[in-house]
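Working notes for the structure below.
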Amino acid sequence: MTDFPGAPDLRAPRKGLRVLAAMSGGVDSAVAAARAAEAGHDVTGVHLALSANPQSFRTGARGCCTIEDSRDARRAADVIGIPFYCWDLAERFREDVVEDFVAEYEAGRTPNPCLRCNEKIKFAALLDKALALGFDAVCTGHYATVVVNENGTRELHRASDMAKDQSYVLGVLDDRQLAHAMFPLGDTVTTKDEIRAEAERRGLAVAKKPDSHDICFIADGDTRGFLAKRLGKAEGDIVDETGAKVGTHEGAYGFTIGQRKGLRIGHPAADGKPRYVLDISPVNNTVTVGPVEALDVIALTAIRPRWCGVAPEGSGTYTAQLRAHGGETEVTAELVGDELQVTFTEPVRGVAPGQAIVLYDGTRVVGSATIATTERAAAQAAQSA
């Protein structure tokens, strides 16, 4: 038996499943679809049209969801020999990802749109539609691994190659979604050059296509400019830890905790050292800056936890990842009511409300939550003095 009705029994050889392969038009998703088809699955490719006004061409390696991308995905599907469709999810993407992104920055938080897209689009809207159409699984080009236990339960693990691991942005997947997820690239220890070489051997024209970077719906990479167009200019003060004004800004939403560059402060700090963003207050439109040591965080509270399996009970020791390309740090975490209370073994820097914290037990993803508040070492020291 499997732990969800209708879920494929992944303990048996994975043959003959009806698989919907999400094809972005890039090399990873194309190779993933090809591997799934080669493994004997009945694969159908689908490109998600997520932009209401797609451009004809990408800007270098930035952006996605262009007409060019949909054509690249279609050509890859033709070479693999699988049916192909283009599904318009632009309105859902705008509501669940883009508008959420803007609202979070407006509230002084730093969101991760890739996690929200995986949660709301690829493994909610897409998966729900796939299951309704009789598919068994959704296949993507993410680098992560689903492990099936003897009792039929599933675990999400890091990819075999840590350099390409993308389990952080998949930490929002729950049991049901994992039951229907397929990541053909996750258990392969290969370099990206080898993936490209495989694509070339398979005759896939996307073999040399550059990877997309940054935020897919901000093709030019100018997040501050993107937000300014939607939120307008809102001049405010940049202050130091004492509250003294040291500069001005055109919108607090254009800053993130830990930011050093682009502060445009008129005069240096008294000690001559660089200053970093310590706090963003949308209420009074103020950005507070200070020394790097003031960024040290020793604990945090996170909300909206999502578990890749059964929720842990009591306090436990884990490793945590705080950014998509960040390293691991040891923590003690406990679910208290609906909140995750986390304490760091060693202080960490650049932790911002709105970011996701993903907990790991070895290579296994335990779950994720959204950072709501942080406790800094400097504040604790001041209280103790």
Side-chain angles (χ1 to χ4, degrees), residues 22 24 48-55 58-59 61-66 69 88-126 140 142 166 168-173 211-234 236 249-259 261-262 277 279-283 285 287 302-306 321-326 350-358 368-374:
S24 66
L48 303 183
L50 302 179
S51 174
N53 298 294
Q55 300 299 309
R58 304 167 113 228
T59 304
R62 296 184 183 274
C64 67
C65 309
T66 65
D69 289 317
D88 184 359
L89 292 180
E91 183 62 23
R92 179 76 180 265
F93 182 78
R94 182 187 64 80
E95 293 176 356
D96 289 344
V97 179
V98 180
E99 289 186 1
D100 173 80
F101 177 85
V102 174
E104 286 292 283
Y105 266 104
E106 187 177 22
R109 296 185 287 267
T110 305
N112 186 312
C114 292
L115 274 83
R116 188 53 59 97
C117 182
N118 284 327
E119 176 188 355
K120 298 291 187 179
I121 305 299
K122 294 177 182 174
F123 291 95
L126 176 61
T140 73
H142 286 100
Q166 293 176 302
Y168 174 84
V169 296
L170 297 170
V172 291
L173 303 188
D211 293 333
S212 60
H213 296 291
D214 302 313
I215 301 166
C216 69
F217 52 86
I218 305 179
D220 61 3
D222 183 9
T223 299
R224 183 178 290 183
F226 174 86
L227 292 169
K229 289 178 182 177
R230 285 153 180 79
L231 298 175
K233 290 185 179 181
H249 62 77
E250 295 181 342
Y253 53 75
F255 298 84
T256 59
I257 302 296
Q259 178 179 335
K261 296 181 179 180
V277 174
D279 186 56
I280 302 164
S281 176
V283 175
N285 197 27
V287 176
I303 58 176
R304 298 192 297 274
R306 290 177 64 88
Q321 188 170 331
L322 299 164
R323 286 175 290 278
H325 304 292
V351 183
Q355 291 176 329
I357 177 170
V358 178
S368 71
T370 301
I371 298 170
T373 60
T374 62

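All values below come from the heavy atoms of this structure, side chains included, with hydrogens, waters and symmetry mates left out. As the structure is a prediction and not an experimental result, all values here were calculated from the model.
- Heavy-atom minimum distance, G262 versus F255: O-CE2, 4.2 Å.
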**OP:** Using the salt bridge (Lys or Arg N to Asp or Glu O under 4.0 Å) rule, take R306 and E119 through it: C-alpha gap first, then chi angles, then the decisive distance, then the call.
**Re:** CA-CA 10 Å; R306 290 177 64 88; E119 176 188 355; 3.4 Å; yes
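- Of all heavy-atom pairs between A22 and L126, the closest is CB-CD2, 4.0 Å.
- Closest non-hydrogen pair, A372 versus P353, comes out as O-CB, 3.6 Å.
- Looking at residues two or more places apart in sequence or on another chain, you find a side chain to side chain contact (heavy atoms under 4.5 Å, CB included) between T110 and Y105, T256, A352, Q355.
- Residues passing the ring pair (Phe, Tyr, Trp, His ring centres under 6.0 Å) test with Y168: none are found, sequence neighbours excluded.
- With sequence neighbours excluded, no residue forms a side chain to side chain donor-acceptor pair (under 3.5 Å) with N285.
- For D100, the salt bridge (charged side-chain N to carboxylate O under 4.0 Å, His left out) partners two or more places apart in sequence, or in a different chain, are R116.
- Under the salt bridge (charged side-chain N to carboxylate O under 4.0 Å, His left out) criterion, R92 pairs with D96, not counting sequence neighbours.
- The ring pair (Phe, Tyr, Trp, His ring centres under 6.0 Å) check on Y253 picks up nothing, with sequence neighbours excluded.
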**OP:** Start with the C-alpha gap between I371 and L322, add the side-chain angles, then the distance that decides, and say whether side-chain contact (heavy atoms from CB on, under 4.5 Å) holds.
**Re:** CA-CA 9 Å; I371 298 170; L322 299 164; 4.1 Å; yes
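- Every residue two or more places apart in sequence or in another chain that forms a side chain to side chain donor-acceptor pair (under 3.5 Å) with E104 is listed here: R109.
- At least one side-chain heavy atom of L115 sits under 4.5 Å from a side-chain heavy atom of N112.
- Under the 4.5 Å side-chain criterion, counting only non-hydrogen atoms from C-beta, F93 is not in contact with D88.
- Remark: D279 engages no residue in a side chain to side chain donor-acceptor pair (under 3.5 Å) (not counting sequence neighbours).
- At distances below 3.5 Å, at least one donor-acceptor pair connects side-chain atoms of S368 with backbone N or O atoms of G171.
- For the pair I257/V351, no side-chain contact is recorded, criterion being any heavy-atom separation below 4.5 Å from C-beta on.
- Ring pair F226/F217 is tilted by interplanar angle, where 30° to 60° counts as tilted.
- The minimum heavy-atom distance linking I280 with G108 is given by the pair CG2-CA, 4.0 Å.
- In this structure, C117 and K122 have side chains that are in contact, with non-hydrogen atoms separated by less than 4.5 Å.
- Taking H142 as the reference, nothing meets the ring pair (Phe, Tyr, Trp, His ring centres under 6.0 Å) condition, with sequence neighbours excluded.
- Under the side chain to side chain donor-acceptor pair (under 3.5 Å) criterion, T373 pairs with no residue at all, not counting sequence neighbours.
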